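Remember, predicted model here, so these are calculated numbers, not experimental data.
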Amino acid sequence: MTYKYVVAKPSLTGRELEYVTDGIKDGWISSKGPHVTGFERAFADYNGVAHGVSCSSGTTALMLALRALGIGPGDEVIVPEFTMVATAWAVTYVGATPVFVDCRDDLNIDTGAIEAKITPRTKVIMPVHIYGRRCDMDGVLRLAYEYNLRVVEDSAEAHGVRPVGDIACFSLYGNKIITSGEGGICLTDDQRLADQLVHLRSMGFSHNHDFIHRKLAYSARMTDMQAAVAQAQVEQLDDFLAERREIERRYNEGLADVDGITVLPPRDVLWVYDLLAERRDELHDHLARAGVETRRFFRPMSQQPGYLDPVWPTLNATRLADQGLYLPVYIGLTASDQDYVIGKVREFYGS
Ligand SMILES: *Cc1c(COP(=O)(O)O)cnc(C)c1O
């Protein structure tokens, strides 16, 4: 099926091609090239954080962050029910156990429900700024302080939300707010953690080239070609966020009064335009026939085969996931494109 309006696509009209071309002309295409440090510096500075360590994906960033904090078998990590499976998998990859907490009506982790899930084995809280809404970080940090836990933020969908945890992990996958095709980055103010992350992403090579690998590490670097694209994207991030804010405003305006649609609370940064819809699956098909690609929400973690828990049908996350849909959002989506999409939604509900 080819759509007139896809749900997401990258915008690559800044200096992406110039930076990639420079790298290829100079022969710097591996992870040793100048754009890797260029991107890391630019993104860390943008966020007001001391260190940036890039890697091969957002999922890898989460896994490296947990390893850098020394998390492993026997440890428990608090993870939201409503997230992309990568958050939970990162915990499983390091041999620890994810412990799931249900969400509020804004889809973010219910910080009031975390305390009941903390045990002597709990080591980390992993909040996710889902769909670009910053979660209650005051609540997370208060609990982390009280119970001596570390905080790893899954910021994969929230470029532009300032990190406050021990490590914040971003994805640069093709549908994210900024992209390098595939890629990820960890931000931290802690020099020691940054050193660990560098060590872990790069096979644990030692500085003196003795080829003694002191702990199990990974081959998880970002190439200079990816970093060249990422660096050019960071330069445009403020413009992207402003254009996305305008897209959000226009959808809100066009959909607020539609009987059958529940407009969700504002986002801190617009990644996707999420909403709740009556007869959601029929709306999805109606829009698809009109050439508009949409996506249903993530399914709760307790419904995933790897984490199956019979509580899942009772969760707030399930109730919201059953009704959730998100609409096309990308740089270059015009007001008239949005009018078309909004018109097709209104047509479906006869409003
Ligand atoms: C995209 C995403 C990830 C994973 O990022 P990849 O770069 O695709 O590995 C992790 N968590 C959330 C919430 C995401 O949306």
Side-chain angles (χ1 to χ4, degrees), residues 1-13 82 84 103-108 129-134 156-161 173-179 236-299 316-351:
M1 175 116 195
T2 54
Y3 293 99
K4 197 159 171 230
Y5 301 107
V6 294
V7 74
K9 63 179 171 187
S11 171
L12 302 166
T13 57
F82 192 82
M84 211 270 259
C103 65
R104 299 179 171 170
D105 288 349
D106 71 352
L107 303 166
N108 271 328
H129 307 298
I130 203 81
Y131 297 159
R133 284 186 196 87
R134 184 176 188 271
E157 304 176 355
H159 309 75
V161 170
Y173 181 64
N175 69 355
K176 300 292 159 80
I177 294 173
I178 57 171
T179 183
Q236 302 165 85
L237 180 49
D238 277 332
D239 293 340
F240 286 174
L241 291 175
E243 185 168 336
R244 284 171 171 270
R245 170 117 3 254
E246 189 56 19
I247 290 171
E248 179 184 37
R249 194 191 60 72
R250 290 196 297 250
Y251 274 141
N252 281 341
E253 208 172 84
L255 295 170
D257 66 331
V258 179
D259 239 350
I261 293 289
T262 305
V263 167
L264 289 169
R267 299 125 191 106
D268 296 275
V269 292
L270 181 68
W271 178 47
V272 295
Y273 189 86
D274 53 342
L275 49 77
L276 304 182
E278 283 171 21
R279 296 187 286 131
R280 188 267 317 264
D281 292 338
E282 285 172 59
L283 174 63
H284 171 275
D285 295 348
H286 174 81
L287 291 172
R289 281 192 299 273
V292 179
E293 187 182 28
T294 62
R295 282 270 190 293
R296 299 172 179 91
F297 280 11
F298 301 136
R299 298 304 309 179
N316 201 34
T318 303
R319 183 182 67 80
L320 295 164
D322 285 345
Q323 307 169 69
L325 194 74
Y326 55 85
L327 302 178
V329 170
Y330 49 83
I331 299 302
L333 186 73
T334 65
S336 72
D337 295 338
Q338 284 191 271
D339 286 344
Y340 176 84
V341 175
I342 291 163
K344 290 293 166 190
V345 174
R346 299 191 75 99
E347 174 184 284
F348 178 77
Y349 290 108
S351 85

In sequence, state the C-alpha distance, the side-chain angles, and the governing distance for Phe298 and Tyr131, and then conclude on ring-ring contact (aromatic ring centres under 6.0 Å, His included). CA-CA 11 Å; Phe298 301 136; Tyr131 297 159; 5.5 Å; yes
If only side-chain N and O atoms count, and only distance matters, is there a donor-acceptor pair under 3.5 Å linking Ser336 with Asp339? no
Tell me whether the count of non-hydrogen atoms from other residues, nucleotides or ligands lying under 6.0 Å of OH in Tyr173 goes above 12. no
Listed partners of Ala156 passing side chain to side chain contact (heavy atoms under 4.5 Å, CB included), at least two apart: Asp154, Ser171, Lys176
Stepwise side-chain contact (heavy atoms from CB on, under 4.5 Å) check, Arg296 with His284: CA-CA 8 Å; Arg296 299 172 179 91; His284 171 275; 3.4 Å; yes
For Asp259, look at atom CG and say whether over 12 heavy atoms of other residues, nucleotides or ligands are found less than 6.0 Å away. no
Before giving the answer on ring-ring contact (aromatic ring centres under 6.0 Å, His included), spell out for Tyr330 and Phe240 the whole-Å C-alpha distance, their side-chain angles and the decisive distance to 0.1 Å. CA-CA 9 Å; Tyr330 49 83; Phe240 286 174; over 10 Å; no
Please report the shortest heavy-atom distance between Arg244 and Val329, naming the atom on each side. NH1-CG1, 3.4 Å
Donor + acceptor pair across side chains of Gln338, Arg250 (<3.5 Å): yes
Partners meeting side-chain hydrogen bond (donor to acceptor under 3.5 Å, both in side chains) with Asn252 (sequence neighbours left out): Tyr273
Can you tell which of Asp274, Asp106, Asn108 makes a side chain to side chain donor-acceptor pair (under 3.5 Å) with Arg133? Asp274
Pairwise distance CG(Leu255) to CG(Leu264) - rounded to 0.5 angstrom: 11.0 Å
Please determine which of Ile130, Val269, Val272 meets the side chain to side chain contact (heavy atoms under 4.5 Å, CB included) test together with Glu157. Ile130
